[in-house]
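All remarks here apply to the structure that follows.
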Amino acid sequence: MKLSLSLATLATAASAAFQFDALAYNPKQLKTGECPTVDSVRDDLAVLSKYTDEIRIYSVQDCNQGEPVLRAIENSDWKVQLGLWINKDDAVYEKDRDELIRLAGVFDYKKHVTAVIVGNEAIYRKEQTSAQVAAKVKDVKQALAKLGLESIPVTVSETWPSYDKTLIDAVDYINMHVFPFWEGTSIDDAQSKAFEHIYDLQKAAGNKRVVVGETGWPDAGGNYDAAVPSLKNEQRYLREFICRAQLEKVNYVWFSAFDEAWKPTTNASDVETHWGVLKGDKTPKFQSPMYDCTGFKPSSSTSDDSSSEESSEGSSADNNSNEIDSLDSDIDESSDESSEIDESSDESSETDESTTSNALSHIGSSMSTTAASVVALVAAALF
């Protein structure tokens, strides 16, 4: 059979082969939390390059992490979402903003920076109001415009109930966090719960793009109500969320790249060191591809389902669970913060907040597929 794939088709397939749109990444040393070096970041990216070409960091000033990350991705195709940390002390934000501006004079932001994220759950932690954070978004936009970088989108990362109209109006796109685990949701209902929030926020966002800035599931630690951390559940949620996100063209950042032993375990559940798709020794928790969307059917995410729809949802959940059971042999059972900047996913009070907030969720344009799909595509064309 004649070779029917053009170079453009191959290039498109190759670029789509990454298993994750982006990964949440803290460049600090995984075991100790010590500050990163250019070499340590390069070592991490060499591992992560098998899974994505984009990372999200949470501060450019803390531990001086912005510079080694940007230096490590120079002359490469890596992309980065740069974070500015916000807490009660505005001086922390100002130092991050000033470092963002300084680094813009050193590195090629237009090539490598896909977004600037102003704050991470500062409103959720009740350290700032939405109006205060919105003012900081305006401040960053003005700073970037003075540098000729107004094309770089500026947003805020917040839990889905924290995105009110003030914040929606301020950002270029919505960057929401959704963690069914922290709502005490069972794994059977997790996919549906996540997309309920996504749909709500899409309605509230109008024409603005909604992106999931963080989502994930831990593989170990204590239960949180009906949410049970396990390797099997982590892979199931990973598969169900990502496969549905691909179907519905929702971009996301998966939380997180690595298990990080330096994070604190004193919050509502001792799971904070277990969110990575790779272990603390940088080996993968699951064989590659980490998920397979073959046979995937999304469960219902509406609140007014008929009994027939509920029955369909049950069969869909059973089907997806069976798919994960078939992947059990692929799971590597040997699974392996104590810092000013802690991007931990502790959203344990979202359950209470969800009863009073009903306008929040997510969109985007997800183009990722598995490497296995690319191999199949090439094989089909060649043979």
*Smallest separation among heavy atoms of P284 and M290, with atom names*: CB-CE, 3.8 Å

*Which heavy atom of Q65 sits nearest a heavy atom of Y58, and at what distance?*
OE1-N, 4.4 Å

_K138 NZ: over 12 foreign heavy atoms closer than 6.0 Å_ = no

_K79: partners by side chain to side chain donor-acceptor pair (under 3.5 Å), with sequence neighbours left out_ = none

_Once rounded to the nearest 0.5 Å, what's the spacing between atom CG of L144 and atom CD of E150?_
8.5 Å

*Of all residues at least two apart in sequence or in a different chain, which pass the side-chain contact (heavy atoms from CB on, under 4.5 Å) check with P153?*
A115, D172, Y173

_Do W160 and Y199 land in one hydrophobic cluster if side-chain heavy atoms of ILVMFWY residues count as linked below 4.5 Å?_
yes

_Atom CG of D77: over 12 foreign heavy atoms under 6.0 Å_ = no

*Would you say N26 and E260 make side-chain contact, with heavy atoms under 4.5 Å?*
yes

*Which of these passes side chain to side chain contact (heavy atoms under 4.5 Å, CB included) with L84: D62, D96, V154?*
D96

*With distance as the sole criterion, is a donor-acceptor pair present between the side chains of H177 and E121 under 3.5 Å?*
yes

*What about F107 and W78, same hydrophobic cluster or not, with Ile/Leu/Val/Met/Phe/Trp/Tyr joined at side-chain heavy-atom distances under 4.5 Å?*
yes

*Assess the pair Y224 and W182: is the distance between their ring centroids shorter than 6.0 Å?*
yes

*What residues form a side chain to side chain donor-acceptor pair (under 3.5 Å) with E127, not counting sequence neighbours?*
R125

*With the side chain counted from C-beta on, respond yes when S256 and Y25 share a heavy-atom pair under 4.5 Å apart, and no when they do not.*
no

*Side chains of E99 and K95: does their closest heavy-atom pair fall under 4.5 Å?*
no

*Which disulfide bond (SG atoms under 2.5 Å apart) pairs, counting each pair once, include a residue from residues 55-160, with sequence neighbours left out?*
C35-C63

*Considering the options L103, D39, V41, V38, which one meets the side chain to side chain contact (heavy atoms under 4.5 Å, CB included) requirement together with R71?*
V38

*Which atom of V47 lies closest to which atom of F258, heavy atoms considered*: CG1-CE2, 4.3 Å

*Evaluate side chain to side chain contact (heavy atoms under 4.5 Å, CB included) for K285 paired with L278, printing each intermediate quantity in order.*
CA-CA 5 Å; K285 292 181 180 179; L278 295 104; 5.9 Å; no

*Hey, any chance I117 and I57 share a hydrophobic cluster, counting ILVMFWY side chains that come within less than 4.5 Å of each other, even indirectly?*
no

_If you define the side chain from C-beta out and look only at heavy atoms, does anything of P298 sit under 4.5 Å from Q191?_
yes

*Between F179 and W275, ring centroids under 6.0 Å*: yes

*Measure the spacing between CD of Q246 and CZ of F296 and express it to the nearest 0.5 Å.*
9.5 Å

_Sequence-distant partners of R42, side chain to side chain donor-acceptor pair (under 3.5 Å), two or more places apart_ = none

*Below 6.0 angstrom between ring centroids: does that apply to F195 and F241?*
yes

*Give the minimum heavy-atom separation between S130 and I123, together with the two atoms involved.*
CA-CD1, 3.6 Å

*Which heavy atom of R56 sits nearest a heavy atom of S157, and at what distance?*
NH2-OG, 3.0 Å

*Report the residues that fulfil side-chain contact (heavy atoms from CB on, under 4.5 Å) with D89, sequence neighbours left out, ordered by chain and then residue number.*
N87, A91, V92

_When you measure from the centre of the six-membered ring of W262, is the NZ or CZ of K31 closer than 6.0 Å and no more than 45° off the axis?_
no

*Is a side-chain donor-acceptor pair under 3.5 Å present for Q132 with D90?*
no

*Which atom names give the shortest non-hydrogen contact between A194 and Y237, and what distance separates them?*
CB-OH, 3.6 Å

